[in-house]
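Shown next, in structure tokens, is the structure this report addresses.
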Protein chains: 2
Amino acid sequence: MSTIHEASGLPADVYSAKCPTRQLLDHVAGKWTVLIVDALADGTMRYTDLHRRIDGVSQKMLTQTLRQLETDGFVTRTVHPTIPPRVDYDLTELGHSLRTPIAALREWIETNINRVEQARRIAAS
Amino acid sequence: MSTIHEASGLPADVYSAKCPTRQLLDHVAGKWTVLIVDALADGTMRYTDLHRRIDGVSQKMLTQTLRQLETDGFVTRTVHPTIPPRVDYDLTELGHSLRTPIAALREWIETNINRVEQARRIAAS
DNA sequence: CGGCATCCGTATTGATACTG
DNA sequence: CAGTATCAATACGGATGCCG
């Protein structure tokens, strides 16, 4: 039973270049998206928390990805008008539902890294 | 129970920039990787089959991604020395095990595209 | 603290043409 | 059929400096 993309009336199909699901795939299947959504699994995190947790992400990419996650409806951004300022990021319900496949991907990677490295050694020989 | 990365003796952790899992995340969480692995779910496909199935992929990206999937041990490439040539691509057992989280991601996208577009309309207003 | 604006080198990607 | 080679466009991403 396939989903119909309401705005176009056509079936949702990532294999079609023009289907909006393709762009969503690009958003969701990104390194930083995976890490941010997964990091927010346990609850609220501040900007600096995320920056520290996700080793190697630049301010620019963190902000950019958070904004995209926000417009796609995966995270909420709450500004506390205090001094110093404080900004909380949380998963929405939609974001939480995305957590499941994303966590599965992360777990697969961490579980199978040794098998992949073994395959690479064979390929290199 | 976390996996130990054998080559380094350290825990496998995608949050660490230097952990090899981070690079693997980059390979696995890519648009073309997702589409190719998912396309091979039903069995053998030839180069041209994949090119037709995955709308919008260039020859270059298709070849490049297939080579990467091959060295990572996800697909096998079988050349038949016939005229005209024929090259078959298949998932390995490792590739099959990756199918599960990848198919889950694709299905999530196709199922939730309308909710995302609704969130975007709200964000734009 | 949590950004944004700008610059800038590099890696990715696409289009096109050609080949065994 | 299944690529490779080449060039041009561009997006990615880091570094820096400034601001409320």
Side-chain angles (χ1 to χ4, degrees), chain A residues 14-18 22-36 39-40 43-72 75-91 123, chain B residues 14-18 22-36 39-40 43-72 75-91 123:
Chain A
V14 288
Y15 289 103
S16 168
K18 280 167 295 186
R22 179 64 72 83
Q23 188 208 8
L24 181 56
L25 174 60
D26 238 347
H27 289 191
V28 163
K31 183 171 46 171
W32 304 129
T33 297
V34 170
L35 290 171
I36 292 173
L40 288 171
T44 306
M45 293 195 97
R46 297 177 60 174
Y47 184 85
T48 312
D49 293 336
L50 287 166
H51 200 193
R52 265 194 303 264
R53 180 79 213 277
I54 301 170
D55 188 24
V57 69
S58 65
Q59 284 190 335
K60 184 177 175 177
M61 290 315 296
L62 181 55
T63 302
Q64 199 173 100
T65 311
L66 282 168
R67 293 291 182 277
Q68 192 177 78
L69 291 172
E70 208 187 340
T71 63
D72 281 349
V75 309
T76 57
R77 177 173 179 272
T78 311
V79 182
H80 301 276
T82 56
I83 296 176
R86 172 200 176 99
V87 180
D88 287 339
Y89 290 95
D90 289 274
L91 289 181
Chain B
V14 287
Y15 288 103
S16 170
K18 278 166 297 186
R22 179 65 71 84
Q23 188 208 9
L24 182 54
L25 174 60
D26 240 347
H27 288 192
V28 163
K31 183 172 45 171
W32 304 129
T33 298
V34 170
L35 291 170
I36 291 172
L40 289 171
T44 306
M45 293 195 99
R46 298 176 60 170
Y47 183 86
T48 311
D49 291 336
L50 287 165
H51 200 192
R52 265 195 301 264
R53 179 82 212 276
I54 301 170
D55 187 25
V57 69
S58 64
Q59 285 189 333
K60 185 176 176 178
M61 290 315 297
L62 182 55
T63 301
Q64 199 172 103
T65 311
L66 282 168
R67 292 290 183 276
Q68 192 177 78
L69 291 172
E70 205 186 341
T71 63
D72 281 349
V75 308
T76 57
R77 176 172 180 272
T78 311
V79 181
H80 300 275
T82 55
I83 294 176
R86 173 198 176 99
V87 179
D88 287 339
Y89 290 95
D90 289 274
L91 290 181

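To find a chain, count down the sequence lines: A is the first, B the second, and so on, and within it residues start at 1.
At whole-Å resolution of the value, NE2 in His51(A) and C1' in dG13(D) are 12 Å apart. As a whole-Å value, the separation of Leu62(B) CG from dC1(D) C1' is 13 Å. As a whole-Å value, the separation of Met45(B) CE from dC1(D) P is 14 Å. Taking atom NE2 of His80(B) as the reference point, atom P of dA2(D) lies 10 Å away to the nearest angstrom. Taking atom CD on Gln64(A) and atom C1' on dC4(C), their separation rounds to 12 Å, with Å as the unit. Protein atom CD of Gln68(A) is 13 Å distant from nucleotide atom C1' of dA11(D), rounded to whole Å. Nucleotide dT13(C) holds its P atom 9 Å from the CG atom of Asp26(A), rounded to whole Å. The OH atom of Tyr89(B) sits 8 Å away from the P atom of dA2(D) (whole-angstrom rounding).
For Asp55(B), there are no side-chain hydrogen bond (donor to acceptor under 3.5 Å, both in side chains) partners, not counting sequence neighbours. When the salt bridge (Lys or Arg N to Asp or Glu O under 4.0 Å) test is applied to Asp26(A), the partners found at least two apart in sequence or on another chain are Lys31(B). Scored by the salt bridge (Lys or Arg N to Asp or Glu O under 4.0 Å) test, Arg86(B) finds Asp88(B) as partners (sequence neighbours excluded). Listed by chain and number, the residues in a salt bridge (Lys or Arg N to Asp or Glu O under 4.0 Å) with Arg67(A) amount to none (sequence neighbours excluded).
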Sequence neighbours left out, cut at 3.5 Å: what donor-acceptor pairs do the side chains of residues 57-64 of chain A make with other protein atoms?
| residue | atom | partner | partner atom | Å |
| --- | --- | --- | --- | --- |
| Ser58(A) | OG | Met61(A) | N | 3.2 |
| Thr63(A) | OG1 | Tyr47(A) | OH | 3.1 |
| Thr63(A) | OG1 | Gln59(A) | O | 3.0 |

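Partner of Leu69(B) under the side chain to side chain contact (heavy atoms under 4.5 Å, CB included) criterion, out of Asp72(B), Thr71(B), Thr65(B): Thr65(B) alone. The only option from Met45(A), Arg77(A), His80(A), Arg46(A) that meets the side chain to side chain contact (heavy atoms under 4.5 Å, CB included) definition with Val87(A) turns out to be Arg77(A).
Regarding contacts with the backbone of dA2(D), every side-chain N or O of Arg86(B) stays at 4.0 angstrom or more from both OP1 and OP2. Residue Thr63(A) places none of its side-chain N or O atoms closer than 4.0 Å to OP1 or OP2 of dG3(C). The side chain of Tyr47(B) contributes no N or O atom lying less than 4.0 Å from OP1 or OP2 of dT4(D).
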Listed pairs, N/O of protein and of nucleotides 14-20 of chain C, under 3.5 Å:
| residue | atom | partner | partner atom | Å |
| --- | --- | --- | --- | --- |
| dG14(C) | O6 | Lys60(B) | NZ | 2.6 |

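Residue whose closest nucleotide on DNA chain C sits further toward the 5' end, between Arg67(A) and Pro84(A): Pro84(A).
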